[in-house]
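Predicted model, so just to flag it, every value in this text is computed and none were measured.
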Amino acid sequence: MAAQTDYLKIKRVAIDTEPENTVFLSRQCTVYRPEEFRALKKIEVNAGPKKLLATLVVTDDHAITAPDELGVGAPAFRRLGLAEGAKVQIAQATPPRSLDAVRRKIGGEVMSAEDIGAIISDIAAHRYSPMEIAAYLIASASFTTTDELLATTRAMAESGAEIKWGAPLIVDKHCIGGIPGNRTSMIVAPIVAAHGLKMPKTSSRAITSPSGTADTMEVLANVALSIEDMKRVVDRENACLAWGGHVNLSPADDVLITVERPLAIDTREQMVASILSKKLAAGSTHIVLDIPVGPTAKVRSQGDAVRLRKLMEYVSAEIGLVIDVVFTDGAQPVGRGVGPVLEARDVMAVLKNEPDAPADLRARSLLLAGHVLDFDPALRGGAGRVRAQELLDSGKALAAMERIIEAQGRAASPACAGELAAEIVATHDGIVAAMDCFRLARIARLAGAPMDKGAGIDLFRKIGDSVKQGEPLYRIHSCFASDFEFAKAMAHEDSGVTVNGAAVRGSIKE
């Protein structure tokens, strides 16, 4: 540790280094010699009881950091929680002790619950670099015992906030993802709320998809609720649809995901720990889990779906959660819209019982809502589906959604679909035989979704529909010219739609 008088003033540097903590030190620093730290991967920033591990960058630009300052990148500045000008010291960082357990895991050893708890705690505190997280993930992906999985799930749930509702029945519904447009939670939650069960739904924002439930709900209402706000809304309206990242539920999972996705590491064990840790932390007691199965979905065979279901059921039972796993069709997108605004349009069309509302989104939402309502001991077994349809058809679900929107804070102004638009048209007559969920999601994301709420894809045809040459299969919407060109280029190469066994390529109409 430096002498007590050897302080630097912190300066916020507007550089987004998410998820890493990064700090900037002038080569002409008047307090420390940068050469002492350059060989290190990490340094420790100390401000009394507050400490932060960060990657050090040495700079020659005084506009970034003056000789008596420590520049702090945006994520690190937020986590440090100090005002600009606050005095800090830096020191050589000691590597987290839990890395020893990671090294043993790489060598083939089974980790103890204590080892896993220490690793997850250090990851949640941002003490691991992406390289160290990758080492842990890859070692775990090679083999994970059921005891390790249970310990990981519990440790991840305990790594952040835990919500207690003080009620024996708190329901939730979750989909493992991978299917564009599958915004059933925004229909299930108001149905369940209208029935009278408590459903504090926390959802993620999109990471590699065109929209998460939180992104779509944000078109209609504020989703950045605190735990106190969530409790207020749920106490009043029985349900909420909030962004889970704002309430710090299982934060270690959020850090792990930033490394998992680029490396395409998505084992069953990691999926189970990710989903169930968040549900446990959110205070859920009874969960309906939707597993779509399809050729371009996350789960691509019935056998894989059954294995995932059994693992989910085992871990849920061990940690005290009741789970009902439902297999659904993952062969194609759900609804017509892919992207926040277009998905919100579909959701509200179903809730309003509009004649042209997407039938598949309505049917899937009723199926899942029925399974959730079957948790109610006051309903006869299997009556949940009938009750769900009654609440939707009567308009009670719509009224519940409007109350939830008002309680969370209605969006100031409605967003619209992007004005830049191009249609992908059929190159030959025939029947739509297949739709590539993964590719369609990538096209929608290249168009700007979810960053631009109005970007995405509006689908005009689904599997089994007939189409003639020159008729539109879907329309790309974008809000930014370069995004529009990227999306069109990908769709031109391969639209993601197969007609009569032949992929539709190269036919765009603006």
Side-chain angles (χ1 to χ4, degrees), residues 1-99 102-103 122-138 207-208 245 251-252 254-263 448 451 480-483 486:
M1 178 70 68
Q4 289 296 96
T5 56
D6 293 343
Y7 290 101
L8 294 170
K9 296 179 294 184
I10 66 169
K11 173 187 176 183
R12 185 181 185 278
V13 177
I15 298 177
D16 187 354
T17 59
E18 192 73 35
E20 288 195 75
N21 294 325
T22 304
V23 296
F24 303 84
L25 187 66
S26 170
R27 195 182 303 277
Q28 283 75 45
C29 180
T30 56
V31 178
Y32 300 93
R33 290 191 300 171
E35 292 79 7
E36 295 177 0
F37 300 97
R38 288 191 66 186
L40 301 173
K41 295 293 184 184
K42 294 277 186 181
I43 65 166
E44 186 173 82
V45 181
N46 298 294
K50 291 195 173 185
K51 300 182 185 297
L52 186 79
L53 292 184
T55 300
L56 177 67
V57 175
V58 176
T59 175
D60 292 303
D61 188 345
H62 288 183
I64 295 176
T65 306
D68 64 342
E69 293 177 328
L70 181 71
V72 182
F77 187 84
R78 183 180 71 250
R79 291 163 188 153
L80 198 55
L82 299 175
E84 281 201 282
K87 294 179 178 180
V88 298
Q89 296 171 297
I90 63 174
Q92 297 181 2
T94 303
R97 290 185 179 179
S98 63
L99 278 173
V102 174
R103 295 185 187 99
D122 283 337
I123 288 173
H126 301 277
R127 298 189 185 104
Y128 274 37
S129 68
M131 184 185 302
E132 291 161 344
I133 293 173
Y136 167 67
L137 287 170
I138 293 169
I207 296 176
T208 58
D254 297 329
V255 179
L256 290 170
I257 284 172
T258 64
V259 178
E260 287 172 357
R261 297 295 170 84
L263 294 177
M451 183 180 299
F480 198 70
S482 62
D483 293 340
F486 289 144

Got a second to check how far Phe77's CZ is from Lys11's NZ, nearest 0.5 Å?
-> 11.5 Å

Judged by modelled atom types alone, do Gln28 and His62 share a side-chain donor-acceptor pair under 3.5 Å?
-> yes

Before giving the answer on side chain to side chain contact (heavy atoms under 4.5 Å, CB included), spell out for Tyr136 and Ile123 the whole-Å C-alpha distance, their side-chain angles and the decisive distance to 0.1 Å.
-> CA-CA 10 Å; Tyr136 167 67; Ile123 288 173; 4.0 Å; yes

Give the intermediate values and the outcome of side chain to side chain contact (heavy atoms under 4.5 Å, CB included) for residues Asn21 and Leu53.
-> CA-CA 7 Å; Asn21 294 325; Leu53 292 184; 5.6 Å; no

Give, for atom CG of Leu256 and atom CG of Leu137, the distance between the pair rounded to the nearest 0.5 Å.
-> 5.5 Å

Would you call Pro75 and Asp16 a side-chain contact if the rule is heavy atoms closer than 4.5 Å?
-> yes

Check Ser26 against Pro34 and note the closest heavy-atom contact, atom names and distance.
-> O-CG, 3.3 Å

Distance-minimising heavy-atom pair for Lys51 and Asn46 = NZ-OD1, 3.0 Å

Asp60: salt bridge (Lys or Arg N to Asp or Glu O under 4.0 Å) partners, not counting sequence neighbours | Arg27

Using a 4.5 Å cut-off on heavy atoms from C-beta on, say whether the side chain of Leu8 contacts that of Leu25.
-> yes

Taking Asp122 for the side chain and Pro96 for the main chain, is one N or O donor matched with an acceptor at less than 3.5 Å?
-> no

Side-chain donor or acceptor of Lys50 paired with backbone N/O of Leu80 under 3.5 Å | yes

Separation between CD1 of Ile43 and OH of Tyr32, rounded to the nearest 0.5 Å = 8.5 Å

Closest non-hydrogen atom pair, Gly73 against Phe24 = N-CE1, 4.0 Å

To the nearest 0.5 Å, atom CD of Glu44 lies from atom CG of Leu56 at 13.5 Å

Go through the steps for Val88 and Leu82 under the test side chain to side chain contact (heavy atoms under 4.5 Å, CB included), then give the verdict.
-> CA-CA 10 Å; Val88 298; Leu82 299 175; 4.1 Å; yes

Does Glu132 reach the main-chain N or O of Ser129 with its side chain, forming a donor-acceptor pair under 3.5 Å?
-> yes

Please list, one pair per line, the donor and acceptor atoms closer than 3.5 Å that link side chains of residues 64-72 to other protein atoms, with sequence neighbours excluded.
unit_1: Asp68; atom_1: OD2; unit_2: Lys9; atom_2: NZ; d: 3.3
unit_1: Glu69; atom_1: OE1; unit_2: Ala66; atom_2: N; d: 2.9

Before giving the answer on side chain to side chain contact (heavy atoms under 4.5 Å, CB included), spell out for Val23 and Thr55 the whole-Å C-alpha distance, their side-chain angles and the decisive distance to 0.1 Å.
-> CA-CA 6 Å; Val23 296; Thr55 300; over 6 Å; no

Shortest non-hydrogen separation from Gly448 to Asp483 and the atoms involved = CA-OD2, 3.9 Å

Which residues pass the salt bridge (Lys or Arg N to Asp or Glu O under 4.0 Å) test with Glu18, sequence neighbours left out?
-> Arg78, Arg79

